[in-house]
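Inspection log for the structure reproduced underneath, given as structure tokens.
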Amino acid sequence: MKYNLLFKNCRLIDGTGSPWRRADVGVKDGKIAFVGKGCADSEAEETVDCGDFYLAPGFIDIHSHSDTTIFDYPAAESRILQGVTTELGGDCGISAAPVSRDPEKKRLLADYVGDLTYDWNSMGEFLDAVENVKPSVNFASAAGHGTLRIAAMGFDDRKPSEDEMETMKELLSESLEDGAFCLSSGLIYPPGVFSATDEMAELCTVLNDYGAFYETHMRSESGEVEEAVAEAIEVAKRAGVPLQICHHKILREENWGKSGATTEMIEKARERGLDVQCDQYPYCASATSLDSNAPDWAFEGGVGALLGRLRDPETRKRINEEVEKSHRGRWDKIVISSTASEKFGWTVGKSIAEIAETRGVSCADACFDIVVDSGDRTGEINYGICEEEVEFIMKKPYVMTGSDGQAISLNYNGMPHPRNYGTFPRVIAHYARDRKLFTVEEAVRKMTAMPAARMGLSDRGLVKEGFMADLVLFDLDSLEDTPTYDRPMTACRGIKKVYVNGVLTAEEGAHTGARAGMVLRRGRKTK
């Protein structure tokens, strides 16, 4: 056989967690056609002599938000240049589809998410739209509970009626038929924050007919994190579905140490036969939108209603009083990462405490003035995670790697979280190679075979004959997560080559311009 591509004498990490071995790997028509020895003399259009470099499956990011950015950044440099070849978007309860045909509900979603034209309604139509931009990365999507809720009942703070629940179920079912991989929730964000345990359990029953899983950004990751884990487990238990706890962490110093209790709860649930797994990003800061500092009640009615309340002096006073009490001692840890505000563009990279001092206003006013002026288009980085706890959680065998990042470029406007650019090399280089929390092979398993199994991908996540040729060639000795909080938009060092479906897409830290990614749909094998 003549191969399109032949890797000779690589140190093969196949994704299973087994020790690396010397092997040759042949690729034909975008798929892995040979793995073993004895292929070195075969004919190939291109031959790569791997020497002491490691060849691994392309990394699978099980937690991303690229559904909001892939149209503007189809080259997905932040994904490709760190070795990510496949990602699951639509997480934390807000997916780009399905969208209500009701113009008012559609506007509510657009105001909340922003930056999307919503030239679609169904999940299938959205995935078709992604396919049309020809992304560099393989893209899959969850169906977001918040998006379903907006389509059924807007931003109302109440229990859904029977008809509204039926609408959500129908939309979820249609989305799963169209290829969504799971139901995601963001119970810390509106409108998910307005839901109850019963609502989530009932909606999750729909997943059973499709073999799909429930993925949750829990109701709390700080003071009530144990109650939040208990709720997530209860929802999965009632519905009888697998549970994925997103970016498991413990926020705020006064709560550090609670990961011992939360992981014990997860392990006891697993002993009882419940399929509970987690994902995690390897950093001590989180990132989200600046409006997350407002109280939940301020979001009822959507973004327009929130901005109206922040502009009203009496309501702003009430919000400020509430927030100053809950955020005492925290404002210096909240840093602006990006903003659509020209007036407050100078605040990027500065903490709320610094901004308040410079302007001579309260921290709450410093925060919400930016929210209002930017039209609620401002992001934050929040420092509040303990490194020891990051390592404690990471070592658990049921914890895989997920960035919580998105597809953006190397010249993105702002100072985004470095997790967008460096998550996967950081786990391998820092935590496996340097810290020796686990083997490099186990690190690779946590970002390849493990997420592939969770998603039910039958032809990705392993270097195996018949699988798609998503491959990363890296130099373990020089591998480094060069993106930092001060300089996030840099390519990781040591990623030699990245192939998506057999096509060279990155080489030595530079994107080749190739756009060979595919849109993946649950239950449909890659052709």
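In this text, all values refer to a predicted model and were calculated from it rather than measured experimentally. Scope of the values below: all heavy atoms of this structure, side chains included, with no hydrogens, waters or symmetry mates.
- Both tests pass for Lys396 against the ring of Phe392: distance under 6.0 Å to the centre and angle within 45° of the axis.
- Within the cation-pi definition used here (under 6.0 Å to the ring centroid, within 45° of the axis), Arg454 qualifies as a partner of Phe213.
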Between Lys258 and Leu251, is the side-chain contact (heavy atoms from CB on, under 4.5 Å) condition met? List the steps. CA-CA 10 Å; Lys258 290 186 176 182; Leu251 288 169; over 6 Å; no
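- Minimum heavy-atom separation, Ile62 to Gln244: CD1-NE2, 4.1 Å.
- Counting heavy atoms from C-beta on, the side chains of Ser337 and Pro416 never come closer than 4.5 Å.
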Side-chain donor-acceptor contacts of residues 84-96 below 3.5 Å, not counting sequence neighbours, with atom names and distances?
from	atom 1	to	atom 2	distance (Å)
Thr86	OG1	Asn138	ND2	3.2
Glu87	OE1	Ser64	OG	3.0
Glu87	OE1	Ser66	OG	2.9
Glu87	OE1	Arg79	NH1	3.2
Glu87	OE2	Ser66	OG	2.9
Asp91	OD2	Ser64	N	2.8
Ser95	OG	Ala97	O	2.5
Ser95	OG	Gly144	N	2.8

Requested in this report: Begin with the C-alpha distance, continue with both residues' side-chain angles, and end with the deciding distance and a verdict on side-chain contact (heavy atoms from CB on, under 4.5 Å) for Leu108 and Phe155.
Outcome: CA-CA 8 Å; Leu108 286 172; Phe155 276 82; 4.1 Å; yes
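- Among residue pairs with one or both ends in residues 375-392, those qualifying as salt bridge (Lys or Arg N to Asp or Glu O under 4.0 Å) are Glu391-Arg435; sequence neighbours excluded.
- Side chains of Ser292 and Tyr189: a donor-acceptor N/O pair is absent below 3.5 angstrom, by distance only.
- Taken from CE in Met200 to CG in Leu187, the straight-line distance is 5.5 Å, to the nearest 0.5 Å.
- Taking the centre and axis of the six-membered ring of Phe467, the NZ or CZ atom of Arg460 falls outside the cone set by 45° and 6.0 Å.
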Criterion side-chain contact (heavy atoms from CB on, under 4.5 Å) on Met218 and Val225, from CA distance to verdict: CA-CA 8 Å; Met218 300 183 296; Val225 66; 4.1 Å; yes
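- At least one cation-pi condition fails for Arg419 and Tyr283: the charged atom is not both under 6.0 angstrom from the six-membered ring centre and inside a 45 degree cone around its axis.
- Residues Phe126 and Asp67 come closest through the heavy atom pair CZ-CB, 3.7 Å.
- Rounding to the nearest 0.5 angstrom, the gap separating the CD atom in Gln406 from the CG atom in Asp404 is 9.0 Å.
- The distance from atom OG1 of Thr262 to atom CE of Met265, rounded to the nearest 0.5 Å, is 8.0 Å.
- A pairwise comparison of heavy atoms in Pro451 and Arg445 identifies CD-O, 3.9 Å as the closest pair.
- Between His417 and Tyr485, a ring centre-to-centre spacing shorter than 6.0 Å is recorded.
- Aromatic ring orientation, His65 versus His63: perpendicular (interplanar angle above 60°, classes split at 30° and 60°).
- When every heavy atom of Met168 is checked against every heavy atom of Ala152, the shortest pair comes out as CG-CB, 3.6 Å.
- Using bins of under 30°, 30° to 60° and over 60° for the plane-to-plane angle, the ring pair Trp120/Phe71 lands in the parallel bin.
- With rounding to the nearest 0.5 Å, the separation of OG in Ser286 from NZ in Lys333 is 12.5 Å.
- In terms of heavy atoms, Tyr398 sits closest to Val276 at CB-O, 4.1 Å.
- Once rounded to the nearest 0.5 Å, the distance linking OH of Tyr281 with OG of Ser403 reads 10.0 Å.
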One pair to check against side-chain contact (heavy atoms from CB on, under 4.5 Å): Ile336 and Ile370. What are the steps and the verdict?
CA-CA 10 Å; Ile336 303 299; Ile370 301 172; 4.2 Å; yes
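- Taking the side chain as every heavy atom from C-beta outward, Met394 and Phe438 approach each other to under 4.5 Å.
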Acceptor/donor pairs from residues 294-303 side chains to any protein atom, 3.5 angstrom cut, sequence neighbours excluded:
from	atom 1	to	atom 2	distance (Å)
Trp297	NE1	Glu322	OE1	3.1
Trp297	NE1	Glu322	OE2	3.2
Glu300	OE2	Asp157	N	3.3

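- A distance of 11.0 Å separates CD1 of Ile13 from OG of Ser18, quoted to the nearest 0.5 Å.
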